[in-house]
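Worth knowing before you read on, the calculation uses all heavy atoms, side chains too, and leaves out hydrogens, waters and symmetry mates. Starting from 1, each residue takes its place in the sequence as its number. Just so you know, these numbers come straight off a predicted model, no measurement behind them. Counting starts at 1 for both ligands and their atoms, following the listed order.
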Amino acid sequence: MTLLDGKVTSQTIKDNIAGELQKYLSEGRRKPHLVAILVGNDGASQTYVASKQKNSQAIGFDSTVYNYDETITEEFLLDKINQINNDEAIDGLIVQLPLPKHISESKVTQAIKPEKDVDGFHDVNMGKLAKGDEDGFIPATPYGIVKILEAYDIQTSGKHCVVVGRSNIVGRPMSILMSANSKYGNCTVTLCHSRTANIEDFTKKADILIVALGKPEFITGDMIKPGAVVIDVGISRVEDPSKKSGFALKGDVHFESASEVSSAITPVPGGVGLMTIAGLLLNTFKSYKQYYLKQN
Ligand code: GUN
């Protein structure tokens, strides 16, 4: 069984970006700049945004985080997005989800200029992804997953990939990427979700199983085909009094039983979460090169 190590793989990606960036900085170019907006004080979201900032800065990017109170209005947030859209010294903008209920996530994601939408949630980028237009941005988690498949040279062509979960952030775009005509795509894809009947009938047929459901340890070893490659996107906080934080992080896959049958598997933590950050940094660097370097 191969452990698909997100720590090592994401570090290699970050080192490569940092190395290439040095060249541009030595030519007198400015640094890439990623802005994140966080609304409210959800613990998990704060952790994710802090990690995005820390990793951005570690590879030489500028990173700004705006943390607003959960009572801000939608209009205020849309105004802020508009300002950032018009700031030529900013390459990427993400608004951490979920947002408070009185703010429309759809309006917010569609307000971000597609050229700075490094989360790839705007309809323009989703449309480009669906059509295989490489100009756009791929959502960070699916992008990170393709990068880890690539790093371990997992053969995907002609294989049956089962994606569990149909969210706009992971499952849906993942299903599109795995069926795309590309080196680490070319799969026959089945997309399962909360209304799928007898889900194990499908998961057991997967050569590549990608689980993004948000239900801790939902997939157990008996639901996996021997030799399958398993990608676990879940990262839930489960109460654990033995931990200092009071919680443990659990994936959507029961690691112990799954690792006995699979040929390769991502751990939680240390798997897809770190690759998501790598995907975001790659997108920000792409924006910097595509829109700043080329035009200045
Ligand atoms: N919430 C959960 N995942 C993500 C992500 O990749 N980007 C943003 N902006 N919010 C999220």
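A centroid separation of 6.0 Å or more is found between the aromatic rings of F61 and Y288.
Between E20 and the choices K289, R29, K286, the salt bridge (Lys or Arg N to Asp or Glu O under 4.0 Å) rule is met once, by K289.
Between the N186 side chain and the S182 main chain, a donor and an acceptor come within less than 3.5 Å of each other. In terms of modelled atom types and a separation under 3.5 Å, the side chain of Y292 and the main chain of R30 share a donor-acceptor contact.
Note on D87 versus K116: no salt bridge recorded, every NZ/NE/NH1/NH2 to OD/OE distance being 4.0 Å or above.
Between P100 and E70, the closest heavy-atom pair is CG-O, 3.8 Å.
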Give a table of atom pairs where an N or O of ligand 1 lies under 3.5 Å from a protein N or O.
| residue | atom | partner | partner atom | Å |
| --- | --- | --- | --- | --- |
| ligand 1 | 1 (N) | Q96 | NE2 | 3.4 |
| ligand 1 | 1 (N) | L97 | O | 3.0 |
| ligand 1 | 7 (N) | D119 | OD1 | 3.2 |
| ligand 1 | 7 (N) | D119 | OD2 | 3.2 |
| ligand 1 | 9 (N) | V95 | O | 2.9 |
| ligand 1 | 9 (N) | D119 | OD2 | 2.6 |
| ligand 1 | 10 (N) | Q96 | NE2 | 3.4 |
| ligand 1 | 10 (N) | L97 | N | 3.0 |

